[in-house]
Number of protein chains: 2
Amino acid sequence: MSNFMQYAIQLAQMVEGQTGVNPPVGSVVVNDGRIVGLGAHLMQGDKHAEVQALDMAQDKAKGGTIYISLEPCTHYGSTPPCVNKIIEFGLSKVIYAVKDTTLPSEGNAILQKAGIEVEYQHSTEAAQLYEDFFKAKNNKVPEITVKVSTTLDGKQATDNGQSQWITNPEVKQDVYRLRHTHDAVLTGYGTVEADNPRYTTCIQDGKHPTRIILSRKGDIDFSKQIFHDNLSEIWIYTEHESLTSPNEHIKIIHLADCKLDNILTDIYERGVGKLLIEAGPRVTSAFLQSKYLDQLIIYYAPKIIGGRGIHQFYQTDHVIDLDQATQFEIISTELINQNIKMIMRKK
Amino acid sequence: MSNFMQYAIQLAQMVEGQTGVNPPVGSVVVNDGRIVGLGAHLMQGDKHAEVQALDMAQDKAKGGTIYISLEPCTHYGSTPPCVNKIIEFGLSKVIYAVKDTTLPSEGNAILQKAGIEVEYQHSTEAAQLYEDFFKAKNNKVPEITVKVSTTLDGKQATDNGQSQWITNPEVKQDVYRLRHTHDAVLTGYGTVEADNPRYTTCIQDGKHPTRIILSRKGDIDFSKQIFHDNLSEIWIYTEHESLTSPNEHIKIIHLADCKLDNILTDIYERGVGKLLIEAGPRVTSAFLQSKYLDQLIIYYAPKIIGGRGIHQFYQTDHVIDLDQATQFEIISTELINQNIKMIMRKK
């Protein structure tokens, strides 16, 4: 087994979080045992990975093999179908890791009719990369990751609301990376009021996510820190019809009913493919109960704070039977300077 | 810390073994938090990594940062200096992981004079990637890896010469990957005669190394299997002045004195940057004693075969004092289906 498919998947991983509602895709063109072209889909509306790689390879692509992390597209979207380009460049073989279930699937037939061999080379890593993308595209809502920083006894703050800082500075750095790889961060206005956060990233050359604030009532104090910078747009979802924006980069989005499904559908339509939830107990709990939840990331600080538990991160109105409790699969655990990071997927 | 430098290094690793006497280099251009260009140096004589990445980025590079695994070049070689291209594209910052000690080092000054910030971001992984390259370039001999498949008691074959197969089929696959990532494989004619090997690779879309055979006497039986295919060139080093080639892809290289240094210098001049030694005890021992040895990879099969030890992989003419014994640093150990792979570097 060669490593070329692995390289295509690595290229896809490099652009995770910068392709909006498009999938992150990587591609490698190989001819005569050498890589002659490399590519990734860099941005929605921009060239697809295959096209980038073929443009790099030019006439060296002829007779070669193209490795792609995802099945090449067959449709006219914002760019022409990749299968046409593959045929035009005279490739002899196409190998892809994941079938794109959201496309009409005549791609193989088109390629084979043009005399191009097609091979499907399964990769668990690539399948995971696209699992949430397919679900999101079908549901027309973003991929959703809920991030929680908590004590061992499940609290985001003491009963007095003291929460800065439960986790350590290294966790903060890790959260910056999370923000960089998501198109947008969502929180409730209560958290903006209580913690005065900014939701930007501080990693070198990092991308600031769009910041989304839910405020049904629309009773906003625009002197809060988050409104001071225009590093990225701020979208405020509200039912308050006469709320207006003090600044161009702050968009007020009025919805007649600010229920989660309506908000998520609207967010997706505006181009957000990956959404990170960093919120207080109320919004966090709402998303943890949502059928659209994909991933849960918990950072545990090795502390217990007790109290009545006003700020337990998961609270529901009704009692849930134990056999109805939401189950997760643990994907990874990592020790970050005495804090524990757990990445989980909803089962 | 962002991951962009890590991505540049990954790109460099993807093209390891296909850049001849040039270093494998990767590059990522970032602007406004997004990757806007990706590149790698694909082949000697081809565009450098920076140029590939900038060509992909086009006008999106302006004001951005370029991450490069190795310091950008300042000289006219087969392509113009990369620093010129970086200035021309209007980058605001250059970050590289390893200083190129083989170049005149005014690169930083040229960039800074053009108003471009330069940052050096050390990476142990990248330093390791170029360590042998610098040494090889200075000595004008290839980077040398000796590969040995042996029993636990240090023998490549029984006293009767039986050696197929000491290690298992999974090790064979691993050796195919080694061949793919080296420009050439070198052996002695004795091994060709005894084992009748081909020294090609069988990984999908793999690159067959140039095959180099040492035969001082030049007493060659061209009916051996290795001469049957022309998947890659075969170079025969000999002192036999009237030996001629039966076939275009077989080159006879006459040297007045077939000593190791002469051979290695000639191999490097012909464009081989990375050389893998897969040979019997005599040639293996010669390379293990050479000052040019960089890396030793041993595959141990969990067997002991005893006998007199005619085919012990390391044999020397004189007794070596224990405190003069060659020492290695173990880089990694890996279990390959009950065989052990050890990668070591000469201390």
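Just so we're on the same page: letters track the sequence lines, and every chain starts at 1. Computed from a predicted model, the values in this text were never measured in an experiment.
- With respect to chain B, the highest number of heavy-atom pairs below 4.5 Å among A:Asn31, A:Val30, A:Ile95, A:Ile35 belongs to A:Ile35.
- Across A:Ala40 and B:Leu38, no two heavy atoms sit closer than the pair CB-CD1, 3.5 Å.
- Contacts between B:Tyr176 and chain A at a heavy-atom distance below 4.5 Å are absent for every atom of the residue.
- Per-residue heavy-atom pair counts under 4.5 Å with chain B were compared for A:Glu119, A:Gln13, A:Lys47, and the maximum is reached by A:Glu119.
- With a threshold of 4.5 angstrom between heavy atoms, B:Phe4 approaches chain A through side-chain atoms but not through N, CA, C or O.
- More than 12 heavy-atom neighbours from other residues, nucleotides or ligands sit within 6.0 angstrom of NZ on A:Lys207.
- Between the side chain of A:Ser2 and the backbone N or O of B:Gln204 there is at least one donor-acceptor pair closer than 3.5 Å.
- Considering only heavy-atom pairs separated by less than 4.5 Å from chain B, the leading option among A:Gly206, A:Gly33, A:Gly37 is A:Gly33.
- Of all heavy-atom pairs spanning A:Arg177 and B:Asn3, the tightest one is CD-ND2, 4.0 Å.
- The part of B:Asp46 that comes within reach of chain A is its side chain, from C-beta onward, which places non-hydrogen atoms under 4.5 angstrom from that chain.
- Around CG of A:Asp32, the count of heavy atoms belonging to other residues, nucleotides or ligands within 6.0 Å does not exceed 12.
- Taking B:Met5, B:Met14, B:Met56, B:Gln6 one by one and counting their heavy-atom pairs under 4.5 Å with chain A, the maximum is reached by B:Met14.
- Under the 3.5 Å distance criterion, the side-chain polar atoms of A:Gln10 are left unmatched by any main-chain donor or acceptor of B:Gln10.
- Using a 4.5 Å cut-off on side-chain heavy atoms (C-beta onward), A:Lys93 and B:Asp205 make no contact.
- Side-chain atoms of A:Asp55 and B:Asp55, non-hydrogen and from C-beta on, never get closer than 4.5 Å to each other.
- The environment of B:Lys85 atom NZ is dense: over 12 non-hydrogen atoms of other residues, nucleotides or ligands sit within 6.0 angstrom.
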